[in-house]
Amino acid sequence: MRTEREKMLAGELYEPNDLELVAARTQARNLCQALNATTEADAEGRRGILRELFRRGGESVWMQPPFFCDYGSNILLGERVYFNFNCVVLDVCRVVVGDYTLFGPAVQIYTATHPMNADLRRRQEFGKPVEVGSDVWVGGGAVLCPGVKVGSKSVIGAGSVVTGDIPDGVFAAGNPCRVVREITE
């Protein structure tokens, strides 16, 4: 029989109050609290926490606390990813981010979602993975919804709500986020 964690990562309905999942969330939240309490002068301490928190990318990510996530272990970052202040990543499924991607302040990435059926929603939830390509810039206050993919070298306008996939090399903005134009050099 599959564990609740295995179901969660597969994007299936799972029980969020499973003891293994509660313990993993507690560990991640404790690491986020420790990260958020660091000072700018404590670069070495901050780096150690980021290595422990993220599955991949903690050695080169640039983070401006505060930062919040559910598990951390489901976040895979490329080289030199940047998170500005107040970002939130609800990583019940994988969040994969390419190299040199920039997240403005208060960007939120959601993989967690809930059933439409109210009775089922009382007991279970599920998730959909999020992928962000390389060299992407996500403007401040943008929200990336469960299951979306943002193509490499794209720019997402501040305050946008990304509800569907965004192709490579475009500027997209709005609620819902739509392609405005191609980015040309």
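- In this structure, Gln64 places its CD atom where more than 12 heavy-atom neighbours from other residues, nucleotides or ligands lie under 6.0 Å away.
- Cluster membership for Trp62 and Leu50, using ILVMFWY side-chain heavy atoms within less than 4.5 angstrom, is not shared.
- Taking every heavy atom of both residues into account, Val92 and Thr111 meet most closely at N-OG1, 2.9 Å.
- For the pair Ser152 (side chain) and Ser134 (backbone), a donor-acceptor distance under 3.5 Å is present.
- Between Val130 and the options Ile75, Leu90, Val148, a side chain to side chain contact (heavy atoms under 4.5 Å, CB included) holds for only Val148.
- We find the CG-CG distance between Leu31 and Asn36 to be 10.5 Å, quoted to the nearest 0.5 Å.
- Taking CD of Glu79 as the reference point, atom CZ of Arg56 lies at 9.0 Å (rounded to 0.5 Å).
- Nearest approach of Phe83 to Val89, heavy atoms of both residues: CE2-CG2, 4.2 Å.
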**Message:** Would Met63 and Arg47 count as a side chain to side chain contact (heavy atoms under 4.5 Å, CB included) here? Give the steps.
**Reply:** CA-CA 9 Å; Met63 177 74 60; Arg47 181 67 54 212; over 6 Å; no
**Asked** Where do Arg46 and Glu40 land on the side chain to side chain contact (heavy atoms under 4.5 Å, CB included) test, with the steps shown first?
**Response** CA-CA 9 Å; Arg46 192 176 280 180; Glu40 288 295 311; 3.1 Å; yes
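- Lys7 pairs by the salt bridge (Lys or Arg N to Asp or Glu O under 4.0 Å) definition with Glu4, not counting sequence neighbours.
- In plain terms, the two heavy atoms of Asp91 and Gly72 that are nearest each other are OD2-N, 2.7 Å.
- Across all their heavy atoms, Pro146 and Thr113 have their closest contact at CG-CB, 4.0 Å.
- The cluster map of Ile, Leu, Val, Met, Phe, Trp and Tyr, joined by side-chain heavy atoms under 4.5 Å apart, puts Trp137 and Phe171 in the same cluster.
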**Request:** Quick one: do Met8 and Asp18 satisfy side chain to side chain contact (heavy atoms under 4.5 Å, CB included)? Show the steps, please.
**Result:** CA-CA 11 Å; Met8 177 183 79; Asp18 173 76; over 6 Å; no
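- The hydrophobic clustering, which links ILVMFWY residues whose side-chain heavy atoms are closer than 4.5 Å, places Phe68 and Val61 apart.
- For the atom pair CZ (Phe103) and CD1 (Ile156), the distance works out to 10.0 Å, reported to the nearest 0.5 Å.
- For the pair Cys177/Val161, no side-chain contact is recorded, criterion being any heavy-atom separation below 4.5 Å from C-beta on.
- No continuous path of ILVMFWY side-chain contacts below 4.5 Å connects Phe85 to Val88, so the two sit in separate hydrophobic clusters.
- With 3.5 Å as the limit, one finds a donor-acceptor pair spanning the side chains of Tyr14 and Glu125.
- Expressed to the nearest 0.5 Å, how far CD of Glu6 lies from CD of Glu20 amounts to 8.0 Å.
- More than 12 heavy atoms of other residues, nucleotides or ligands sit less than 6.0 Å from atom CZ of Arg29.
- For Phe54, the ring pair (Phe, Tyr, Trp, His ring centres under 6.0 Å) criterion is met by Phe67, not counting sequence neighbours.
- Judged as a side chain to side chain donor-acceptor pair (under 3.5 Å), not a single pair has a partner in residues 163-178 (not counting sequence neighbours).
- Each of Val138, Val162, Leu144, Val143 was scored for a side chain to side chain contact (heavy atoms under 4.5 Å, CB included) with Ile109, with one residue passing: Leu144.
- Closest non-hydrogen pair, Gln124 versus Pro16, comes out as CA-CD, 4.1 Å.
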**Request:** In sequence, state the C-alpha distance, the side-chain angles, and the governing distance for Asn74 and Arg5, and then conclude on side chain to side chain contact (heavy atoms under 4.5 Å, CB included).
**Result:** CA-CA 11 Å; Asn74 300 325; Arg5 183 178 191 285; 4.0 Å; yes
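- By the 4.5 Å heavy-atom criterion applied to side chains, Arg25 and Tyr71 are counted as neighbours.
- Gly104 approaches Asn84 most closely through the heavy-atom pair C-CB, 3.5 Å.
- Other residues, nucleotides and ligands contribute more than 12 heavy atoms inside 6.0 Å of the CD atom of Glu59.
- For Ser154 (side chain) and Val170 (main-chain N/O), a donor-acceptor pair under 3.5 Å exists by modelled atom type.
- Within a 6.0 Å radius of CZ in Arg80, other residues, nucleotides and ligands contribute 12 heavy atoms or fewer.
- Under the 4.5 Å side-chain criterion, counting only non-hydrogen atoms from C-beta, Val179 is in contact with Pro167.
- Taking SG of Cys87 as the reference point, atom OH of Tyr82 lies at 8.5 Å (rounded to 0.5 Å).
- Of the inter-residue distances, the one linking Thr3 atom OG1 with Glu15 atom CD reads 13.0 Å to the nearest 0.5 angstrom.
- Taken together through direct or relayed side-chain contacts under 4.5 Å among Ile, Leu, Val, Met, Phe, Trp and Tyr, Leu77 and Tyr110 form parts of separate hydrophobic clusters.
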